[in-house]
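Note sheet for the following structure.
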Amino acid sequence: MILLISDLHLEQERPDISRAFLDFLKTRATQAEALYILGDFFEVWVGDDAITPFQRSIAQALRQLSDSGTRIYLMHGNRDFLLGKAFCREAGCTLLKDPCLVELGGEQVLLMHGDSLCTQDLAYMKLRRWLRNPLSLFILRNLPLSTRHKLARKLRSESRAQTRMKASQIIDVTPEEVPRIMTAYGVRTLIHGHTHRPAVHQLAVDGQAARRIVLGDWDSQGWALQVDASGFQQAPFPLA
Ligand code: MN
């Protein structure tokens, strides 16, 4: 059995979510061969060198799970794209590229965070291109910590303000972008998070039945997609 989750937005200010996640790691996740975390795992990440005691406790819990035999794969989101090798070593996770092709349930599946599918948001796409450039990342990682905190706060408040202002179709995925990327990677199943709109969208790609599974965010409840002999199934569960 494989589990996929995303958009937990873990932060010290939401102990209900981190408690539910730690509980998830000790129960359901121990039954899984692999756990995929598809981005925005942390609400904010300013660098592995600035890890807080709260974040370290999450890393240790992940490490315990990986030591017990569950493989853990982590993909960057737009909030935690500075998560790096040091964190992954400490947490026993493997960092995945976005997008990433994996075999799940006997088929090739494309995994993404999902922000790169929201191409109608031109300002964000431009910022994303800059933020994911290796040179920018090098500069960002070497800025003084106080500057990185300031930047992170600015990015978060801008992203919140823009989310409120922008038309909802702009912050959702661009419909044409989905078949384009699925054709490019030759898949019939795409799984992503980011939009906080959990669903299974049935579509046709190149005249064939295909699906886009959107992972739910952890807020008033948790969400996990389970892949096993009976297929792909996502269900919410209470946090407490
Ligand atoms: Mn996101």
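Remember, it's 1-based here, ligands and their atoms both numbered in the order they're listed.
Sorting the N, O or S atoms of H113 by how far they are from the Mn ion (ligand 1) puts NE2 first. When distances from the Mn ion (ligand 1) to the N, O or S atoms of H194 are compared, ND1 comes out shortest.
Side chains of K97 and H76 form no contact here, defined as non-hydrogen atoms less than 4.5 Å apart.
Between F24 and F237, the ring planes lie parallel to each other; the angle is under 30°, not in the 30° to 60° tilted range.
For the pair R14 and F21, the cation-pi criterion (under 6.0 Å, within 45° of the ring axis) is not fulfilled.
At a threshold of 2.8 Å, the Mn ion (ligand 1) has a backbone or side-chain N, O or S atom of N78 nearer than that distance. With a cut-off of 2.8 Å, the Mn ion (ligand 1) has an N, O or S atom of D40 in range.
When all heavy atoms of T174 and C118 are compared, the pair lying nearest together is OG1-C, 3.9 Å.
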